[in-house]
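Before any comments, here is the structure.
Every chain is numbered from 1 and lettered A, B, ... according to where its sequence line falls, protein lines coming before strand lines. The analysis underlying the following values was restricted to heavy atoms, covering all of them including side chains, and did not include hydrogens, waters or symmetry mates.
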2 protein chains.
Amino acid sequence: MRADAQRNRDRIVEVAREVFREQGYDASLDLVAKRAGVGAGTLYRHFPSREVLVDAIMQSWVDRVTEATDKVLAFEGSDRDLLLRWFETYVELITLHKGGAAKITCAMGDEESPIRTKCQVLSGAAARVIGLLAERGAVRTDVDAVQVCRLVGGVATVADTSELGPDQVRPLLEVVADGLVVRG
Amino acid sequence: MRADAQRNRDRIVEVAREVFREQGYDASLDLVAKRAGVGAGTLYRHFPSREVLVDAIMQSWVDRVTEATDKVLAFEGSDRDLLLRWFETYVELITLHKGGAAKITCAMGDEESPIRTKCQVLSGAAARVIGLLAERGAVRTDVDAVQVCRLVGGVATVADTSELGPDQVRPLLEVVADGLVVRG
DNA sequence: GAACGATACGGAGACTGTCTCCGTTTAGCA
DNA sequence: TGCTAAACGGAGACAGTCTCCGTATCGTTC
């Protein structure tokens, strides 16, 4: 890629992250282009669709999910609390940008989605958590990582669109957690 | 209301139901107006926003939820199966129109929403189901009807946007159901 | 360091959807 | 049969998406 093209690409991603954080994922792409100081053509050449641009933006916080998952896996406490803690982390991270939760959850399991690599990172993280708990015999094994992401992502989507606070989300996550841990 | 106005209003609702079923809730309102044989002005006079139109459309299937709930309440089987059966009914009905699940779930608990009356019917139905089960001591009592609607609505939203079939939705609902029934 | 071809730029403008304004029409009453 | 309030409808202002193509720039080659 030519140096000027790379510069423009980077700049667009940076500005888009800012604009999307301010206005949500529905923000005007022409505005993003204008703020980035490039023409609409340049933006659309680099990012043929909104989804592709979103994908580029998501890269950074997908990395944060991996990090956060490491931290949660090291948690010493009850299995249910570990699961719940990961749920809360997950919801917090995917609702960082308005509309993000719906986007990522909707794409979950879709092999054709432009953001499938991000979904894979997330479901991979989920797999590590439920894998650990399954080893300990703490959670049911008939539900896979993608399904867990759909469940928690569903809650996250509702939390995002209804603007629920952590206190309102927690009981919902508790139900999901209780549904996953094996009956004692 | 003048007779011609009433006629037009009814016709718009009827056509909108059709168009939304075909194309989802994002369909062009001008198209609805055109198909209904009225001007855009007429449509917007009757329905100042898309939400208000959606509200009018939803009336009929909210009635169906009430009906379906009656049927489920008469179900003779295990408590968990009754709950699960109601979940499936709920998901089926609110995903009848593409985008409907997200709309209704997002508005759940919002006193200002134009479709709040519909949400109240749905959470009322949920209250009847979990009320019955709570009486029998079959479900936890720290989760209210709105929360149940949010949980199941979250699953429905994911099912809708990811176009999941009943077989893919069922395990998710099972987790939620298991999280709600009291531990044995 | 000049010339040149490939690559990238940018913004005008076509297209689509939302919503309003206002001149025209019509229902329904007296 | 007239009158008036109510309702109609569609042109058009506005906003967002996305494309096309003339222009500018990069970076390579000699």
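If you take CZ of B:Phe47 and P of C:dT18, they are 15 Å apart, rounded to a whole angstrom. When the C1' atom of C:dC9 is taken as reference, atom CD1 of A:Ile12 falls 11 Å away, rounded to whole Å. Atom-to-atom, CZ of A:Arg2 to P of C:dT7 comes out at 9 Å; the value is rounded to the nearest Å. Distance B:Arg45 CZ to C:dT25 C1': 12 Å, rounded to the nearest Å. Taking atom CE of B:Met1 as the reference point, atom C1' of D:dA6 lies 11 Å away to the nearest angstrom.
A:Val146 and A:Asp144 get closest at one heavy-atom pair: N-OD1, 3.1 Å. Listed here is the closest heavy atom pair of B:Val143 and B:Ile130: O-CD1, 3.9 Å. In terms of heavy atoms, A:Pro171 sits closest to B:Gln147 at CG-NE2, 3.4 Å. Across all non-hydrogen atoms, the minimal contact from B:Cys106 to A:Ser162 is O-OG, 2.9 Å. The minimum heavy-atom distance linking A:Leu73 with A:Leu82 is given by the pair O-CD1, 4.4 Å.
A:Arg50 comes within 4.0 angstrom of the backbone, heavy atoms only, and of no base.
Looking at B:Asp70 and B:Arg128, a side-chain N of the basic residue comes within less than 4.0 Å of a carboxylate O on the acidic one, giving a salt bridge. One finds a salt bridge joining A:Asp79 and A:Arg136 here, because a Lys/Arg side-chain nitrogen approaches an Asp/Glu carboxylate oxygen to under 4.0 Å.
For residues 3-10 of chain B, proximity to DNA chain C is found at B:Ala3, B:Asp4, defined as any non-hydrogen atom under 4.0 angstrom from a strand atom. Near-neighbour residues of DNA chain C inside residues 24-44 of chain B, defined by a heavy atom below 4.0 Å, number-ordered: B:Ala27, B:Ser28, B:Leu29, B:Asp30, B:Ala40, B:Gly41, B:Tyr44.
Remark: the A:Gln6 side chain and the A:Asp10 side chain contain an N/O donor-acceptor pair separated by less than 3.5 Å.
In terms of phosphate contacts, B:His46 brings no side-chain nitrogen or oxygen within less than 4.0 Å of OP1 or OP2 of D:dA7.
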